[in-house]
J.: 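Below you will find the structure I want to go over with you.
Below, all heavy atoms of this structure are taken into account, side chains as well, without hydrogens, waters or symmetry copies.
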Amino acid sequence: MDFKLFDLTGKVAVVTGGNGGIGLGMAKGMARSGATIVVAGRHAAKNKFAVAEIEGLGAKASAIPVDVLKEESCRGLFDEAVKKHGRVDILVNNAGMSIRKQPEQYTLAEWHTVLDSNLTSAFLCSQAAYPAMKKAGGGKIINIGSMMSIFGAAFATAYAASKGGMVQMTKAMATAWARDNIQVNAILPGWIETDMTANSIANEKFAGNVMPRIPMRRWGTGADFGGIAVYLASDAAAYHTGDSFVIDGGYSLF
């Protein structure tokens, strides 16, 4: 195997929500393969911590604050990334959130908050990254979906809608931007230990129902996403686009 295919030296990766959980795990994986990482998030302290973690691996990293709900902030993120590092080659759309309620209980404002935070933000960041990637001769966009992209859950109507939309948006962008040598793929995580899932995982009744369905008999971690991030960001995936990769320890097999 030609491991140079997985070498990201000289590439610049922007990771939204890259200051923790899955985003940080992916950032670290790409950093170990030589990429320069831009941690894009709202929380300065968490951004600073993530940059220190990445630099501790011997990689280059910087933090750029962003509000992914605002078009001008998304465009500013990529302008600043190019200004600091000269180019942008990789975008990971990882920022997201959820409001857990039965569908009849959602307010319209809550519905839009979830859809905008998860799906519209990925559209805005992808659109903002496009000029820099086209100028660089190509690029990689990695969208973070969810097992709710393929399953339903009574408590996650808005979240499931946003993550299902992420898969279809991935396919549409892959088709639109293939001519520009930009590959667009999605990752669908299962039950992963993050700030967003902490309360659920800590619930004994919930864990007792879910864990037996995971063949690997453990929760996923951010580190489990380093390898798939490197693959999708590298030349090894040069002819792979519009696809969705389930990373769930086998949960979706049943």
J.: Does N209 CG have over 12 foreign heavy atoms under 6.0 Å away?
T.: yes
J.: Group every Ile, Leu, Val, Met, Phe, Trp and Tyr by side-chain heavy-atom contacts under 4.5 Å, then state whether I54 and V66 land in the same group.
T.: no
J.: Please check if atom CD in Q102 has more than 12 non-hydrogen atoms from other residues, nucleotides or ligands closer than 6.0 Å.
T.: yes
J.: Kindly compute the distance separating CG (N118) from OG (S98), expressed to the nearest 0.5 Å.
T.: 7.5 Å
J.: Is a donor on one side and an acceptor on the other found under 3.5 Å between the side chain of T16 and the backbone of N94?
T.: yes
J.: Enter the distance from E193:CD to S200:OG here, rounded to the nearest 0.5 Å.
T.: 12.0 Å
J.: Is the side chain of S244 donor-acceptor paired with the backbone N or O of V167 at a distance under 3.5 Å, no angle test?
T.: no
J.: Does R213 count as lying over the ring of Y251, i.e. NZ or CZ under 6.0 Å from the six-ring centre, within 45 degrees of the axis?
T.: yes
J.: I'd like to know whether I37 forms a side chain to side chain contact (heavy atoms under 4.5 Å, CB included) with E53, so could you lay out the CA-CA distance, the side-chain angles of the two residues, the decisive distance to 0.1 Å, and finally the verdict.
T.: CA-CA 11 Å; I37 306 297; E53 289 263 301; over 6 Å; no
J.: Listed by chain and number, what are the side chain to side chain donor-acceptor pair (under 3.5 Å) partners of H240, not counting sequence neighbours?
T.: Y231, D243
J.: How close do A50 and G18 get, counting heavy atoms only, and between which atoms?
T.: CB-O, 3.9 Å
J.: What I want to find out is whether K11 reaches D235 closely enough, with some N-O distance under 4.0 Å, to be called a salt bridge.
T.: no
J.: For A63 versus N47, what's the shortest heavy-atom pair and its separation?
T.: CB-CB, 3.7 Å
J.: Please answer whether the main-chain N or O of G96 pairs with a side-chain N or O of S117 as donor and acceptor at a distance below 3.5 Å.
T.: no
J.: Is there a side-chain contact between V38 and H85 in this structure, where contact means two heavy atoms from C-beta onward sitting under 4.5 Å apart?
T.: yes
J.: Verify, without hydrogens or angle tests, whether Q127 (side chain) and L124 (backbone) share a donor-acceptor contact under 3.5 angstrom.
T.: no
J.: Would you verify whether the NZ or CZ of R32 falls within 45 degrees of the ring axis of F6 while also being under 6.0 Å from that six-membered ring's centre?
T.: no
J.: When rounded to the nearest 0.5 angstrom, what is the spacing between NZ in K46 and CG in N19?
T.: 4.5 Å
J.: Measuring only between side-chain heavy atoms, which start at C-beta, is F151 closer than 4.5 Å to S146?
T.: no
J.: Are any of the side-chain heavy atoms of K134 and N181 separated by less than 4.5 Å?
T.: no
J.: Quick check for you: to the nearest 0.5 Å, what is the distance between T221 atom OG1 and I192 atom CD1?
T.: 7.5 Å
J.: Mind checking whether I90 and V14 have side chains closer than 4.5 Å, heavy atoms only?
T.: no
J.: Taking side chain as C-beta onward, heavy atoms only, is F155 less than 4.5 Å from Q105?
T.: no
J.: Of the non-hydrogen atoms in G249 and I214, which two are nearest, and what is the gap between them?
T.: O-CG2, 3.8 Å
J.: For residues 136-144, dump all side-chain donor-acceptor pairs below 3.5 Å to protein atoms at least two apart in sequence or in another chain.
T.:
residue: K140; atom: NZ; partner: Q183; partner atom: OE1; Å: 2.6
residue: K140; atom: NZ; partner: S234; partner atom: O; Å: 3.0
residue: K140; atom: NZ; partner: A237; partner atom: O; Å: 3.4
residue: N143; atom: OD1; partner: N93; partner atom: ND2; Å: 2.8
residue: N143; atom: ND2; partner: T170; partner atom: OG1; Å: 2.9

J.: Locate the shortest heavy-atom distance separating L188 from G145; write the atom from each residue and the value.
T.: CD2-CA, 3.8 Å
J.: So with a 6.0 Å cut-off around NZ of K84, is the heavy-atom count from everything else above 12?
T.: yes
J.: Check whether L119 and W177 end up in the same hydrophobic cluster, where Ile, Leu, Val, Met, Phe, Trp and Tyr are linked by side-chain heavy atoms less than 4.5 Å apart.
T.: yes
J.: Flag the pair M133 / L91 as yes when at least one side-chain heavy-atom distance between them is below 4.5 Å, and no otherwise.
T.: yes
J.: Under 3.5 Å, is there a donor-acceptor pair between the side chain of N203 and the main chain of K205?
T.: yes
J.: With sequence neighbours excluded, what pairs up with T175 under the side chain to side chain donor-acceptor pair (under 3.5 Å) test?
T.: none
J.: Between D89 and V12, is there a donor-acceptor pair closer than 3.5 Å when you use the side chain of the first and the backbone of the second?
T.: yes
J.: Sub-3.5 Å donor-acceptor pair from the side chain of R217 to the main-chain atoms of P212, do we have one?
T.: yes
J.: Is it the case that the side chain of D116 and the backbone of L69 share a donor-acceptor pair, with hydrogens and angles ignored and the cut-off at 3.5 Å?
T.: no
J.: Mind running side chain to side chain contact (heavy atoms under 4.5 Å, CB included) on M97 and T113 for me, showing each step along the way?
T.: CA-CA 9 Å; M97 55 86 71; T113 295; 3.9 Å; yes
J.: Around R42, counting heavy atoms of other residues, nucleotides and ligands shown, do more than 12 lie under 6.0 Å from its CZ?
T.: no
J.: Between I187 and I228, does the side chain to side chain contact (heavy atoms under 4.5 Å, CB included) criterion hold? Intermediate values first, please.
T.: CA-CA 8 Å; I187 295 173; I228 189 67; 3.6 Å; yes
J.: Any heavy-atom pair between the side chains of K171 and V184 that's under 4.5 Å?
T.: no
J.: Grab the two heavy atoms, one from P103 and one from T157, that are nearest each other, plus how far apart they are.
T.: CB-OG1, 3.4 Å
J.: Can a salt bridge be assigned to the pair K60 and E55 using a cut-off of 4.0 Å between side-chain N and carboxylate O?
T.: no
J.: Indicate if F123 and Y130 have the same hydrophobic cluster label, given that clusters are the connected sets of ILVMFWY residues with side-chain heavy-atom separations under 4.5 angstrom.
T.: yes
J.: Hey, what do you get for NZ (K28) to CG (L24), rounding to the nearest 0.5 Å?
T.: 4.5 Å
J.: Counting only heavy atoms not in F245, do more than 12 sit closer than 6.0 Å to its CZ atom?
T.: yes
J.: Would you kindly confirm whether M211 and W191 end up in one hydrophobic cluster when ILVMFWY residues are joined by side chain heavy atoms under 4.5 Å apart?
T.: yes
J.: Tell me whether V230 shares a hydrophobic cluster with I22, the cluster being built from Ile, Leu, Val, Met, Phe, Trp, Tyr side chains joined at under 4.5 Å.
T.: yes
J.: Which distance, rounded to the nearest 0.5 Å, do you find between the OG of S33 and the CG of L5?
T.: 11.5 Å
J.: Which atoms form the tightest heavy-atom contact between A174 and T241, and what is the distance?
T.: CB-OG1, 3.3 Å
J.: Test side chain to side chain contact (heavy atoms under 4.5 Å, CB included) on M173 and S126; report intermediate values, then the result.
T.: CA-CA 9 Å; M173 286 182 172; S126 298; 3.6 Å; yes
J.: Is the backbone N or O of V68 less than 3.5 Å from a side-chain atom of S121, with the two atoms forming a donor-acceptor pair by type?
T.: no
